[in-house]
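Written below as structure tokens is the structure these notes are about.
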Amino acid sequence: HVQLVESGGGSVQTGGSLRLSCAASGYFYSTYCMGWFRQAPGKEREGVAAIRTRTGGGPTYYADSVKGRFTISQDNAKNTLYLQMNALKPEDTATYYCAAGYSVGLCSRTYEYGYWGQGTQVTVS
């Protein structure tokens, strides 16, 4: 199985920045897509950004609410996925999850993923 561990969350002021990291191990290159999702208490998990992980891939999806502020990227040498978050708003407060899946689509929906990390909390005030 693919193992995913998120880090980099924390508390920041409105307008601040954070960079989330997702360390991947196991059958990492057996997957096709990786993405970031977020979930606030009592709400469904929603897609934030996604990227194709195989050679020649790149970003495939950004939620409208984060376009222009968040950037997804990966470092193959470190087997790590990143989410750079700038101009943070209180509405961005949530638990952020890293996921890996096999979809040939945009990988923007939870059902397209089979592996999930434990999440990292982001609080913006």
Side-chain angles (χ1 to χ4, degrees):
H1 286 27
V2 173
Q3 307 297 135
L4 306 173
V5 180
E6 303 97 334
S7 63
S11 298
V12 298
Q13 294 183 320
T14 298
S17 298
L18 283 174
R19 188 176 75 163
L20 305 183
S21 298
C22 173
S25 61
Y27 299 108
F28 176 74
Y29 288 107
S30 292
T31 64
Y32 190 72
C33 295
M34 292 190 71
W36 288 98
F37 290 75
R38 65 187 182 187
Q39 185 170 25
K43 297 183 178 180
E44 294 186 350
R45 196 166 297 185
E46 62 179 0
V48 176
I51 190 169
R52 299 200 185 281
T53 58
R54 297 187 178 184
T55 301
T60 64
Y61 171 80
Y62 286 103
D64 288 342
S65 59
V66 308
K67 287 179 179 177
R69 300 189 297 122
F70 291 10
T71 302
I72 188 170
S73 62
Q74 65 182 86
D75 185 336
N76 290 333
K78 298 181 179 179
N79 291 326
T80 302
L81 182 74
Y82 300 100
L83 183 68
Q84 178 66 46
M85 306 186 294
N86 298 324
L88 284 162
K89 306 174 181 179
E91 302 92 278
D92 296 317
T93 296
T95 299
Y96 284 71
Y97 298 89
C98 176
Y102 309 91
S103 177
V104 297
L106 294 178
C107 298
S108 63
R109 306 291 297 276
T110 58
Y111 62 76
E112 298 180 85
Y113 293 86
Y115 301 97
W116 297 86
Q118 295 299 307
T120 185
Q121 179 67 36
V122 172
T123 302
V124 185
S125 61

Which pair of heavy atoms, one from [X] and one from [Y], lies closest together, and at what distance?
X	Y	answer
Ala94	Ala40	CB-N, 4.1 Å
Arg52	Ser103	NH1-O, 3.8 Å
Leu18	Leu88	N-CD1, 3.9 Å
Ala50	Cys107	CB-O, 3.4 Å

Problem set entry | Members besides Tyr113 in its Ile/Leu/Val/Met/Phe/Trp/Tyr cluster (side-chain heavy atoms under 4.5 Å) |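 Grouped by the 4.5 Å side-chain rule, Phe37, Tyr97, Trp116 form the rest of the cluster around Tyr113.
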For this session: Answer whether the closest heavy-atom distance between the side chains of Thr93 and Arg38 falls below 4.5 Å.
Result: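 Counting from C-beta outward, Thr93 and Arg38 never come under 4.5 Å.
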Problem set entry | Distance (rounded to the nearest 0.5 Å) between Ile51 CD1 and Met34 CE |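 Rounded to the nearest 0.5 Å, the CD1-CE separation comes to 9.5 Å.
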Problem set entry | Thr110 side, atom OG1; Glu46 side, atom CD - distance, nearest 0.5 Å |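 If we round to the nearest 0.5 Å, Thr110:OG1 and Glu46:CD are 11.0 Å apart.
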For this session: Could I get the full list of side chain to side chain contact (heavy atoms under 4.5 Å, CB included) partners for Ala23, not counting sequence neighbours?
Result: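 Once residues adjacent in sequence are excluded, Ala23 has no partner under the side chain to side chain contact (heavy atoms under 4.5 Å, CB included) criterion.
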Any chain of hydrophobic side-chain contacts (each under 4.5 Å) joining [X] to [Y]?
X	Y	value
Tyr82	Met85	no
Leu83	Val12	yes
Ile72	Val48	yes
Tyr115	Trp36	yes
Leu106	Val66	no

Exercise. Residues in side-chain hydrogen bond (donor to acceptor under 3.5 Å, both in side chains) with Thr60, at least two apart?
Worked result: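 Partners of Thr60 by the side-chain hydrogen bond (donor to acceptor under 3.5 Å, both in side chains) criterion come out as none, since no residue qualifies.
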For this session: Apply side-chain hydrogen bond (donor to acceptor under 3.5 Å, both in side chains) to Thr71 and list each qualifying residue two or more places apart in sequence or on a separate chain.
Result: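 Expected list: none.
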Does [X] have any salt bridge (Lys or Arg N to Asp or Glu O under 4.0 Å) partners at least two apart in sequence or in another chain, and if so, which?
X	value
Arg69	Asp92
Glu91	none
Lys43	none

Exercise. Does anything in residues 4-21 pair up under side chain to side chain donor-acceptor pair (under 3.5 Å), and if so which pairs, sequence neighbours excluded?
Worked result: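 Side chain to side chain donor-acceptor pair (under 3.5 Å) check on residues 4-21 returns Ser17-Asn86.
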Problem set entry | salt bridge (Lys or Arg N to Asp or Glu O under 4.0 Å) partners of residues 78-87, not counting sequence neighbours, each pair once |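 Listed by first then second residue: nothing to list.
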Exercise. Restricting to pairs with a member in residues 105-114, which pass salt bridge (Lys or Arg N to Asp or Glu O under 4.0 Å), not counting sequence neighbours?
Worked result: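 Listed once each, the pairs would be none.
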Exercise. Looking only at atom types and distance, does a side-chain atom of Thr120 sit under 3.5 Å from a main-chain N or O of Tyr96, one as donor and one as acceptor?
Worked result: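 Checking the backbone N and O of Tyr96 against the side chain of Thr120, no donor-acceptor pair under 3.5 Å is found.
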Problem set entry | Residue pairs, two or more places apart or on separate chains, that pass disulfide bond (SG atoms under 2.5 Å apart) and touch residues 57-106 |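 The answer is Cys22-Cys98.
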